[in-house]
Amino acid sequence: MTSPIRTERHGDVLVIISDNPPVNALGAAVRQGLEAAVKDGVQDASIEAMVIRCDGRTFFAGADITEFGKPMQEPGLPTLVDMIEASSKPIVAAIHGTALGGGCEVALACHYRVAVASAKLGTPEVKLGLLPGAGGTQRLPRIAGVRMALEMTAKGDPIPAKKAVEAGLIDKIVGEDSLEADAIAFAGEIKAKRPIPRASEREVQPDPEAVEAFKKENGRRFRGFEAPAANIACVVKATEVPYTEGVQFERQEFMKLMMGTQSAAQRHIFFAERQAAKIDDVPADIQLRPIKRVGVIGAGTMGGGISMNFLSAGIPVTIVEMAQEALDRGAGTIRKNYEATAAKGRMKPEQVEAAMGALTPTLDFDALAECDLIIEAVYESMEVKKEIFTRLDAICKPGAILASNTSYLDIDEIAASTKRPQDVVGMHFFSPANVMKLLEVVRGAKTAPDVLATVMDLAKKIKKVAVVAGVTYGFIGNRMLMPRQVEANKLLMEGATPEQIDRVHVAFGMPMGPFQMSDLAGVDIGWHRDPTRIENIRDALAAEGRWGQKKQAGFYDYDEKRQPTPSPRVAEIIEDFRKKSGSTVREISDEEIVERTLYPMVNEGALILEEGKAQRASDVDVVWIYGYGWPVYRGGPMFWAKTEGYEKVVAGLDKHGFKVAQSLRNGAIK
Ligand code: 3H9
């Protein structure tokens, strides 16, 4: 096999080039090639300096994650970076794209770093439940200081080249199109300089105040995760002990994380997210339909949020409403949202204007005729949706994709109201649609493969994580929510309180529990709106106007700042129902809440897979991570069931009398 590493001589500078598509991950062959090339450079008397750069779209994007958990082939990354740093001849890293994780560590081990302005530097290992394990936690603070090292390692977001220059991580910004030539010229300038600067030989002072402040600022963000604390501990260690001891500590912490379930879960999700984009029976190179303009029907919260996704990506949107007032309100909300983003410095005023300039609000339904994709986002009524699709069928150009944002309804029935069911698809966005990353793409019985592929591709362009779902009530996510809600309600009748159930879910790592979610979404959502018809606790709350946070009363009472407190009135209502139904009240354990609310979700996920309504178990996990805030360190419900042990989950379901999915019982979930 040919090595992914080659070298070229430019006078007395040896350029070492990696060509390991797609992202130059530092797999064994790359590490071996780099080691050999640097050795050659050191031994060759005619070489004065070296440059390391990469072909393709990026500098090294990190260790090869697919090698994790397998026996490590020599040289390991820590050995390699130490060897690079120890070189007796100066080495310059020439960076483009993203220098991430192990890639950033290679760059830090080099004696100098030059980069193009569009490059980014980062140590995202924490997002895989890890830490930079090749000296990164020890070199970063020595170069960039404690605060920057904490930011980069414990949060994991890459920084742009300009910021990296300010932090001392990059020595020079070079021409976007002349990276190699400029790096060689730079190597010429520094080749004779002695001593050679080595990050590991630098000192960094302790900064306990910065550490405390950082922990305090990020307490919420780090809740439940193990890796951020380990990253912080390593950076602190760098300020306390010599480099050689620091890297030993780093190694121990790295191995602990690597062996743990959190990192396994986070790595699972890294690949699951990428896998989700693939459609099993559609060729990857299928011809896509061009989408130059998108139409959105409905300028409410959902329609507005959906439109923003496309506007932000530079795709013009025609938004249609029935009344001028609603249209103005919708367009006004979009502008307000953009301006709020600009006020936070996350958008430039001209970008706000560009996005708003690409929006065409109109009352004229026929304006949708010029759109390539039309997304219907009106309220959940089959009758209304069918009527809209019939109208679309009459006016839309041939080949236009007709999508519904329904959360539950049958896409096939909607498609049947047109003469072009092959062009109909579901695009289920999650609220707030401009923020939530999940998009369920619902494949109808007749949806054409190129329609599906086009929508999946478009999802990537608008920065969504898309998952293909089949036609089934509630698709993947909401269908799994239903058994959880049913059980949560039953548990109330048997003696649990909303606070207890929510507490168990939050302790599990969910952003909120079922009743907090109900209060946030609106207790009245889907309510029959007849205050005299009181059949369950929810009906009773809704009838009293306890519609959730918006009314400062729902399953909880809320103050002006939307802080919840347990509600005595809700306790009375629950008590009343318990008496009426004659149910015996007992102490409910937290464990039972897990078994009865979370295990049935896993069971439902297994049924969805058995019915072929999701392509793979990891897709179900992606839905729950990106649509509902399932804690990523538990890897989604299906991955979690595996780590819990299928037998334990099945035993729990059996104990409470659930009908267990066959694939779950057999441990045959794929
Ligand atoms: C680490 O470095 C540990 C060390 O500190 C210590 C060691 C001792 N390995 O995302 P894309 C694949 S941990 C293997 O769609 P983009 C990816 O699965 C690592 N494979 O492209 C996909 O495959 P496929 C720290 C990788 O342009 C293909 O490449 N580094 C790796 O949207 C394209 O990926 C990170 O965490 C990898 N490291 O984004 C960075 N990276 O086509 C992880 C990617 O079969 N990577 N693949 O589905 C990224 O963040 C993005 O891939 C990147 C490009 C921003 C680079």
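From a predicted model like this one, the values you see are computed outputs, not experimental measurements. The first residue of the sequence shown is numbered 1, and numbering continues consecutively from there. One-based numbering, in listed order, for ligands and for the atoms of each.
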In this structure, does ligand 1 have an atom that sits under 4.0 Å from one of the heavy atoms of Gln275?
no
Does atom 23 (O) of ligand 1 have any protein heavy atom closer than 4.0 Å?
no
Below 4.0 angstrom, N of the basic side chain to O of the carboxylate: do Arg616 and Asp619 qualify?
yes
Pro22 heavy atoms, cut-off 4.0 Å: which ligand 1 atoms fall inside?
28 (C), 29 (O)
Quick test of your reading of the structure: of Gly97, Gly122, Ala63, whose heavy atom lies closest to atom 1 (C) of ligand 1?
Ala63
Nearest non-hydrogen atom to atom 3 (C) of ligand 1 belongs to which of Lys127, Glu67, Glu125?
Glu125
Think Arg274 forms a cation-pi with Phe270, using NZ or CZ under 6.0 Å from the six-ring centre and within 45 degrees of its axis?
yes
Of all protein heavy atoms, the one nearest atom 48 (O) of ligand 1 is Lys278 NZ, 2.8 Å
Just jot down the ligand 1 atoms closer than 4.0 angstrom to any heavy atom of Phe271, in number order.
18 (O)
I'd like to know if the side chain of Ser3 and the backbone of Ile5 have a donor-acceptor N/O pair within less than 3.5 Å.
yes
Charged N to carboxylate O under 4.0 angstrom, Arg289 versus Asp372?
no
If you scan protein heavy atoms around atom 31 (C) of ligand 1, the nearest is Val23 CG2, 3.8 Å
What are the atoms of ligand 1, with element, lying closer than 4.0 Å to any heavy atom of Gly101?
2 (O), 25 (C)
Consider salt bridge (Lys or Arg N to Asp or Glu O under 4.0 Å). Of Glu105, Glu201, Glu85, which one does Arg139 pass it with?
Glu85
Looking at atom 14 (C) of ligand 1, what's its closest protein heavy atom, distance included?
Asp64 OD1, 3.2 Å
Return yes or no for this condition: an N or O of Gly102 is under 3.5 Å from an N or O of ligand 1.
yes
Does Gly136 have a non-hydrogen atom less than 4.0 Å from ligand 1?
no
Sequence neighbours excluded, which residues qualify as side-chain contact (heavy atoms from CB on, under 4.5 Å) partners of Leu257?
Leu130, Leu131, Glu226, Ala227, Ala230
What protein heavy atom sits nearest atom 17 (C) of ligand 1, and how far off is it?
Arg274 CD, 3.7 Å
With a 4.0 Å heavy-atom cut-off (strictly under), which part of Leu128 contacts ligand 1: side chain, backbone, both or neither?
side chain
For the student: nearest non-hydrogen atoms of Thr137 and Ala238, plus distance
O-CB, 3.9 Å
Element-labelled atoms of ligand 1 that are located less than 4.0 Å from some non-hydrogen atom of Pro132
5 (O)
At what distance is the nearest protein heavy atom to atom 8 (C) of ligand 1, and which residue and atom is it?
Arg251 NH2, 3.6 Å
Would the distance check show the side chain of Arg113 and the main-chain N or O of Ile95 forming a donor-acceptor pair, the cut-off being under 3.5 Å?
no
Is there at least one pair of N or O atoms, one from Leu130 and one from ligand 1, spaced under 3.5 Å apart?
no
Distance filter under 4.0 Å to Pro124 heavy atoms, resulting ligand 1 atoms:
30 (N), 35 (C), 36 (O)
Element-labelled atoms of ligand 1 that are located less than 4.0 Å from some non-hydrogen atom of Phe270
18 (O), 41 (N), 43 (C), 44 (C), 46 (N)
Are Thr66 and Asp64 close enough that a side-chain donor and a side-chain acceptor fall under 3.5 Å?
yes
Answer yes or no for Thr58: is there a heavy-atom contact with ligand 1 below 4.0 Å?
no
Does Glu166 come within less than 4.0 Å of Lys163, counting only side-chain N to carboxylate O?
no
Pair Glu217 + Lys215, salt bridge at N-O below 4.0 Å:
no
Using the ring of Phe59 (Phe, Tyr or Trp, six-membered ring only), decide whether Arg53 places NZ or CZ under 6.0 Å from its centre and within 45 degrees of its axis.
no
In Val441, Leu439, Leu458, the residue satisfying side chain to side chain contact (heavy atoms under 4.5 Å, CB included) with Lys464 is Leu439
Answer with side chain, backbone, both or neither: which part of Ile65 has a heavy atom less than 4.0 angstrom from an atom of ligand 1?
both
What protein heavy atom sits nearest atom 32 (O) of ligand 1, and how far away is it?
Lys460 NZ, 4.4 Å
Nearest non-hydrogen protein atom to atom 30 (N) of ligand 1, with distance, is Ala61 O, 2.9 Å
Looking at atom 53 (C) of ligand 1, is any protein heavy atom nearer than 4.0 Å to it?
no
Test Pro132 against every option in Leu100, Thr123, Val235 by the side chain to side chain contact (heavy atoms under 4.5 Å, CB included) rule and name the one that passes.
Thr123
Looking only at side chains, do Thr454 and Asp450 share a donor and an acceptor under 3.5 Å apart?
no
for atom 33 (C) of ligand 1, nearest protein heavy atom and its distance come out as Arg57 NH2, 3.5 Å
